[in-house]
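Contents: one structure, followed by commentary.
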Number of protein chains: 2
Amino acid sequence: MKLSVTITLKKDVLDPQGKVILQTLQNMGMDSVKNLRQGKFIEIEINENDEKLAIEKVEEMCKKLLVNLIIEDYQIKKLK
Amino acid sequence: MKLSVTITLKKDVLDPQGKVILQTLQNMGMDSVKNLRQGKFIEIEINENDEKLAIEKVEEMCKKLLVNLIIEDYQIKKLK
């Protein structure tokens, strides 16, 4: 089973890298961009056919390694 | 309007960072993971209410700055 994890910075955490991308886009003339935040995307293939168990396992990975829970949020989705 | 861009490495491009995460997870005992690839996730807020035009503008940003089309694929989605 294939799952995806989308990791984003929490709303109140500064995102300097996103700010740089935003300014660059605006300097390039694409000034309709109002805001931009950068996050991470991880695709995980797991040996587990039960969707609920697979999500639980990925959740464990997020908590133990992938996500910094103090400053980041995450969302797990099943991929086709 | 808020849109997201998910950027992933093309299928045949090596992903050394993903490999390191994969090995670390396996070394930590989470050995049901079979494969893992890392990508980027970008949330864009744009001054444009027409969905089609907004997607076109984000597509332009992807091609001009955000995505390296030689090694990366991208997917644009509308966020609620």
Side-chain angles (χ1 to χ4, degrees), chain A residues 1-11 13 15 17-50 53-67 72-77 79-80, chain B residues 1-11 13 15 17-50 53-67 72-77 79-80:
Chain A
M1 183 170 291
K2 257 192 170 179
L3 298 132
S4 74
V5 183
T6 308
I7 303 170
T8 48
L9 285 169
K10 289 195 174 162
K11 211 168 54 67
V13 179
D15 175 16
Q17 202 176 352
K19 269 274 164 325
V20 172
I21 301 175
L22 175 65
Q23 281 165 10
T24 310
L25 285 169
Q26 290 170 339
N27 292 342
M28 287 168 82
M30 291 171 268
D31 35 24
S32 50
V33 217
K34 233 169 65 190
N35 205 359
L36 187 152
R37 305 213 98 204
Q38 212 197 346
K40 277 179 272 184
F41 178 83
I42 300 176
E43 240 175 62
I44 298 176
E45 219 178 307
I46 190 167
N47 265 337
E48 177 60 69
N49 290 319
D50 184 79
L53 279 175
I55 289 179
E56 263 171 34
K57 281 185 181 173
V58 172
E59 196 135 0
E60 189 193 354
M61 293 172 204
C62 287
K63 286 183 184 152
K64 289 198 179 158
L65 181 73
L66 304 176
V67 181
E72 292 172 331
D73 287 324
Y74 66 96
Q75 204 183 6
I76 300 170
K77 269 188 201 146
L79 297 172
K80 301 134 263 175
Chain B
M1 182 171 290
K2 256 193 170 179
L3 298 132
S4 74
V5 182
T6 308
I7 304 170
T8 48
L9 285 168
K10 289 195 174 164
K11 211 166 56 66
V13 178
D15 176 16
Q17 201 175 353
K19 269 271 164 325
V20 171
I21 301 175
L22 176 65
Q23 280 165 10
T24 309
L25 284 170
Q26 289 169 339
N27 291 341
M28 287 169 81
M30 290 172 269
D31 36 25
S32 50
V33 216
K34 233 168 68 189
N35 205 0
L36 186 152
R37 306 213 99 203
Q38 213 198 343
K40 276 178 275 185
F41 178 82
I42 299 176
E43 241 176 61
I44 298 175
E45 220 179 307
I46 190 166
N47 266 337
E48 176 61 67
N49 290 319
D50 184 79
L53 279 176
I55 289 178
E56 263 171 35
K57 281 186 182 172
V58 172
E59 197 135 359
E60 188 194 355
M61 294 174 205
C62 287
K63 285 182 184 150
K64 288 198 180 158
L65 181 74
L66 304 175
V67 181
E72 292 172 330
D73 286 325
Y74 66 95
Q75 204 183 4
I76 300 170
K77 270 189 200 145
L79 295 173
K80 300 135 264 169

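The model shown is predicted, which means the values in this text are computed figures rather than measured ones. Values below: every heavy atom of this structure, side chains too, minus hydrogens, waters and symmetry copies. Proteins come first, then strands; the chains are lettered A, B, ... in the order of their sequence lines, and each starts at number 1.
Heavy-atom neighbours of A:N49 CG from other residues, nucleotides or ligands within 6.0 Å: at or below the threshold of 12. The number of heavy atoms from other shown groups lying within 6.0 Å of NZ (B:K77) does not exceed 12. Heavy atoms from other residues, nucleotides or ligands lying under 6.0 Å from CD of B:Q17 number 12 at most.
Of the residues considered (B:I7, B:V33, B:I21), B:V33 shows the highest number of contacts with chain A, using heavy-atom pairs under 4.5 Å. Heavy-atom pairs under 4.5 Å with chain B peak, among A:K2, A:K64, A:R37, at A:R37. With chain A as the partner, the residue from B:N35, B:T24, B:L65 showing the most heavy-atom pairs under 4.5 Å is B:N35.
No part of A:E48 comes within reach of chain B, as not one of its non-hydrogen atoms sits under 4.5 angstrom from that chain. Heavy-atom distances place no part of A:S4 under 4.5 Å from chain B, backbone and side chain included. Using a 4.5 Å cut-off between heavy atoms, A:L66 contacts chain B through its side chain alone, with no backbone atom that close.
For the atom pair CD1 (A:I46) and CG (B:L36), the distance works out to 10.0 Å, reported to the nearest 0.5 Å. Here the NZ-CD1 distance, from A:K40 to B:I42, works out to 14.0 Å after rounding to the nearest 0.5 Å.
In this structure, the side chains of A:K57 and B:S32 come closer than 4.5 Å at one or more pairs of heavy atoms.
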